[in-house]
Amino acid sequence: MKKTAKKVLVIHGPNLNLLGRRETDIYGMKSLSAINKSISVLASELGIHVKTIQLNSEGDIVNVIHKGGYDALIINPAAYTHTSVAIRDAIAAVGKPTIEVHLSNISRREEFRKLSFITGVSVGQISGFGPESYLLALRAAASILSQ
Ligand code: DQA
């Protein structure tokens, strides 16, 4: 019997729609649509069905997490990483394997970025590899979903 492709949802949090124009010394020159393109290319190589979405509001992120329809979640919660108990609780409530992603290395930036509310409900965090962070996360998700 043919296996159905596993579904991975990638959520990009607030301000990530401005990638390529926003603080390019930290986040690089690549646009979000270019990043999404490379995520899609790798997903087809891995035989994974991927959906990407960018949301600026905390409540919208919570709603999309609740909605389901995915086997694993990759999330760059952006600024909400450091503030959002609501996103953390949504991830815990749904209980799908979750990988936290950051373009920059949040551990070597300002003090307030060192705390993540999301890591404690994630399988792991990938931080500091620029757009490649998403691709590493997708490979990790593929590995988790194949087990
Ligand atoms: C970020 C890091 C966060 O601290 C910041 O608020 C972002 C982007 C990253 O991808 O490096 O918006 O999540």
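No hydrogens, no waters, no symmetry mates; every other heavy atom, side chains included, goes into these values. We number each residue from 1, following the sequence as shown. When a ligand or atom number is given, it counts from 1 through the structure's own listing order.
Among all non-hydrogen protein atoms, the one lying nearest atom 6 (O) of ligand 1 is Arg113 NH1, 3.1 Å. Of the protein's non-hydrogen atoms, His102 ND1, 3.7 Å is the one closest to atom 1 (C) of ligand 1. Ranking protein heavy atoms by distance to atom 7 (C) of ligand 1, first place goes to Tyr27 OH, 3.4 Å. When hydrogens are left out, the protein atom nearest atom 2 (C) of ligand 1 is Ile106 CG2, 3.7 Å; that is the closest non-hydrogen contact. The single protein non-hydrogen atom nearest to atom 9 (C) of ligand 1 is Leu103 N, 3.4 Å, given as residue, atom name and distance.
Open room surrounds NZ on Lys37; 12 or fewer heavy atoms of other groups in view lie less than 6.0 Å from it. Counting heavy atoms of neighbouring residues, nucleotides and ligands inside a 6.0 Å radius, atom NZ of Lys30 exceeds 12 of them.
Here is the list of ligand 1 atoms found below 4.0 Å of a heavy atom in His82: 3 (C), 4 (O). Residue contact check: Ala79 has heavy atoms under 4.0 Å from atoms 6 (O), 12 (O) of ligand 1.
Tracing side-chain contacts under 4.5 Å through hydrophobic residues (I, L, V, M, F, W, Y), one reaches Val101 starting from Ile26; they form part of the same cluster. Taken together through direct or relayed side-chain contacts under 4.5 Å among Ile, Leu, Val, Met, Phe, Trp and Tyr, Ile11 and Ile118 form part of one hydrophobic cluster. Val123 and Ile87 are members of different hydrophobic clusters when ILVMFWY side chains are connected at heavy-atom separations under 4.5 Å.
Inspection of the Glu100 and Ser116 side chains reveals an N or O donor paired with an N or O acceptor under 3.5 Å.
Close to ligand 1: Arg22, with a non-hydrogen atom less than 4.0 angstrom away.
Ring orientation note: the planes of His82 and His102 are close to parallel, at an angle under 30° on the 30°/60° scale.
For ligand 1, one of its N or O atoms has an N or O atom of Ser104 under 3.5 Å away. Not a single N or O atom of Pro14, backbone or side chain, sits closer than 3.5 Å to an N or O atom of ligand 1.
For the atom pair CZ of Arg88 and CD1 of Ile65, the computed distance is 12.5 Å after rounding to the nearest 0.5 Å.
With a 4.0 Å heavy-atom cut-off, ligand 1 is reached by the side chain of Asn76 but not by its N, CA, C or O.
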